[in-house]
Structure formats: C-alpha cells, structure tokens
Q: 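One structure follows; several queries about it will come next.
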Amino acid sequence: MQTVRDTDGRRWIRIADHGEQSRVRDPTTGEETTVPSETLTPTSDDAVFEALADRVPAAGRRVAKACHADWQLGLLVALADDGPRPVRKLLAAAGVCESDFLGATTELRAAGVLAETTVAGQRAYELTAAGREGVGALRHAE
C-alpha cells in the first residue's frame with residue numbers, strides 16, 4: 001500500500017499496481033476504483049495508516065486517542081447511556097484505584113470529552129458535546 005495523489009490532487013491509497021493500471025482506495029470513503037498508473041504520484045505528506053484513519057470521524061478519533069484502556073472508554077459509554085454521574089459512584093464501578101481514576105479523568109477532561117458537573121449536590125462527571133459525538137461515532141462505525 002502507498003499513499004498517492006491523482007492529477008486532480010485527490011488522495012488515494014494504492015492497493016495494487018498492475019503496470020499501466022493501479023487499484024486505488026479513497027481513504028475517507030473506502031471507495032475502490034482502477035485508474036491509469038501514470039496519473040498517480042506517490043506522496044510523502046502522510047503515512048498509509050494515518051490516511052486510512054480519516055475513515056473514522058474526527059470525533060471518534062478524538063475519543064479513541066483519549067482512552068488508554070477499555071475501562072476509560074466504558075466510562076464514556078456509561079455516561080453517554082446514563083448521563084452525568086457522581087464521581088464516587090463512577091469510581092466504585094471503575095474497578096481501578098483512585099489515583100488511576102483521577103489520572104484518567106484528568107486526561108479525558110484535557111481531551112475535551114469529559115467535564116465536571118454537580119449531581120444532587122455531589123461532584124460528578126458528564127460528557128461534553130465532543131464526548132457524546134465521539135462515542136456516537138464509534139458506536140456507528142462500520
């Protein structure tokens with residue numbers, strides 16, 4: 001596989017080179033087609049896998065990058081499903097020590113997918129709009 005651009009400047013992933021013809025895939029849509037090899041120029045502006053990541057909506061990539069463990073993604077999913085929850089209840093359900101929970105939620109807040117709020121007078125967390133959009137994008141991924 002190789003990242004290439006056609007004469008119109010459109011980015012493709014060359015998945016097969018058959019001499020005069022190349023099989024290419026649009027990294028954003030997944031559409032595949034065959035084009036004349038002479039119309040393609042190899043690029044060095046991005047790696048193949050980085051180009052293919054464009055297929056996942058930016059909001060989904062943001063959530064994926066922010067989560068370093070399944071339980072962190074699960075925390076975001078729980079908040080998407082159930083709405084804001086007190087920190088103590090979330091910590092009890094997380095199954096990790098308080099310092100790991102604090103570190104992870106700090107990173108999620110810094111990534112802009114989690115925010116502090118108050119529920120029934122207690123400190124709580126909720127998803128930001130970016131967090132809701134990102135969890136939704138991952139749930140609707142192919």
Q: Determine whether Glu20 and Ser37 make a side-chain contact, defined as any pair of heavy atoms from C-beta on separated by less than 4.5 Å.
A: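 In short, these two side chains do not touch, never coming nearer than 4.5 Å.
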Q: Kindly compute the distance separating OG1 (Thr39) from CZ (Arg10), expressed to the nearest 0.5 Å.
A: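 It comes to 11.5 Å.
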Q: How long is the gap from OG1 on Thr41 to CZ on Arg14, to the nearest 0.5 Å?
A: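 With rounding to 0.5 Å, OG1 (Thr41) is 9.0 Å from CZ (Arg14).
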Q: For Asp8, is there any backbone N or O sitting under 3.5 Å from a side-chain donor or acceptor partner on Asp6?
A: yes
Q: If I take atom CD from residue Gln122 and atom CZ from residue Arg85, how far apart are they, to the nearest 0.5 angstrom?
A: 11.5 Å
Q: Check whether Ile15 and Leu52 end up in the same hydrophobic cluster, where Ile, Leu, Val, Met, Phe, Trp and Tyr are linked by side-chain heavy atoms less than 4.5 Å apart.
A: yes
Q: Between Glu31 and Arg25 (salt bridge meaning N to carboxylate O under 4.0 Å), is one present in this structure?
A: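 So Glu31 does not pair with Arg25 through a salt bridge.
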Q: Give the minimum heavy-atom separation between Pro84 and Val119, together with the two atoms involved.
A: CB-CG2, 3.7 Å
Q: Is it the case that the side chain of Asp26 and the backbone of Gly30 share a donor-acceptor pair, with hydrogens and angles ignored and the cut-off at 3.5 Å?
A: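 Absent.
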Q: What are the two closest heavy atoms between Leu138 and Ala64, and how far apart are they?
A: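 That closest heavy-atom pairing would be CD1-N, 4.4 Å.
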Q: What is the minimum heavy-atom distance between Asp17 and Ser22, and which atoms define it?
A: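 Closest pair (atom of Asp17, atom of Ser22, distance): OD1-OG, 3.7 Å.
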Q: Find the distance between CG (Leu114) and CG (Leu127) and round it off to the nearest 0.5 Å.
A: 6.5 Å
Q: Side chains of Thr117 and Tyr125: is there a donor and an acceptor less than 3.5 Å apart?
A: no
Q: Distance check, rounded to the nearest 0.5 Å: Arg23 atom CZ versus Thr34 atom OG1?
A: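 It is 4.0 Å, given to the nearest 0.5 Å.
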Q: Examine distances only and state if a side-chain atom of Thr118 and a backbone atom of Gly121 form a donor-acceptor pair shorter than 3.5 Å.
A: no
Q: For residues 94-103, dump all side-chain donor-acceptor pairs below 3.5 Å to protein atoms at least two apart in sequence or in another chain.
A:
none

Q: Do you know the tightest heavy-atom contact between Val63 and Gly131?
A: CG2-O, 4.2 Å
Q: Trp12, Val48: one ILVMFWY side-chain cluster at the under-4.5 Å cut-off?
A: no
Q: Going by heavy atoms in the side chains, are Thr7 and Leu40 under 4.5 Å from each other?
A: no
Q: Return all side-chain donor-acceptor pairs below 3.5 angstrom for residues 65-78, not counting sequence neighbours, or 'none' if the list is empty.
A:
from, atom 1, to, atom 2, distance (Å)
His68, NE2, Glu107, OE1, 2.9
Gln72, OE1, His68, N, 2.5
Gln72, OE1, Ala69, N, 3.3

Q: What closest approach, in Å, do Ala47 and Thr3 show between heavy atoms, and which atom pair accounts for it?
A: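 Taking every non-hydrogen atom into account, C-OG1, 3.7 Å.
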Q: Just how far is it from atom CZ of Phe49 to atom CG of Asp54, taken to the nearest 0.5 Å?
A: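 Rounded to the nearest 0.5 Å, the CZ-CG separation comes to 14.0 Å.
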Q: Keeping Arg62 on the side-chain end and Ala111 on the backbone end, is there a donor-acceptor pair under 3.5 Å?
A: yes
Q: Are Arg11 and Pro27 close enough that some pair of their side-chain heavy atoms sits under 4.5 Å apart?
A: yes
Q: If the threshold is 4.0 Å, N to carboxylate O, is there a salt bridge linking Asp82 and Lys89?
A: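 A salt bridge is absent here (no side-chain N lies under 4.0 Å from a carboxylate O).
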Q: Is it true that Val135 and Leu79 fall in one hydrophobic cluster, defined by side-chain heavy atoms closer than 4.5 Å?
A: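 Result: yes, single cluster for both.
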Q: Quick one: closest heavy-atom pair of Glu116 and Glu126, and the distance?
A: O-OE2, 4.4 Å
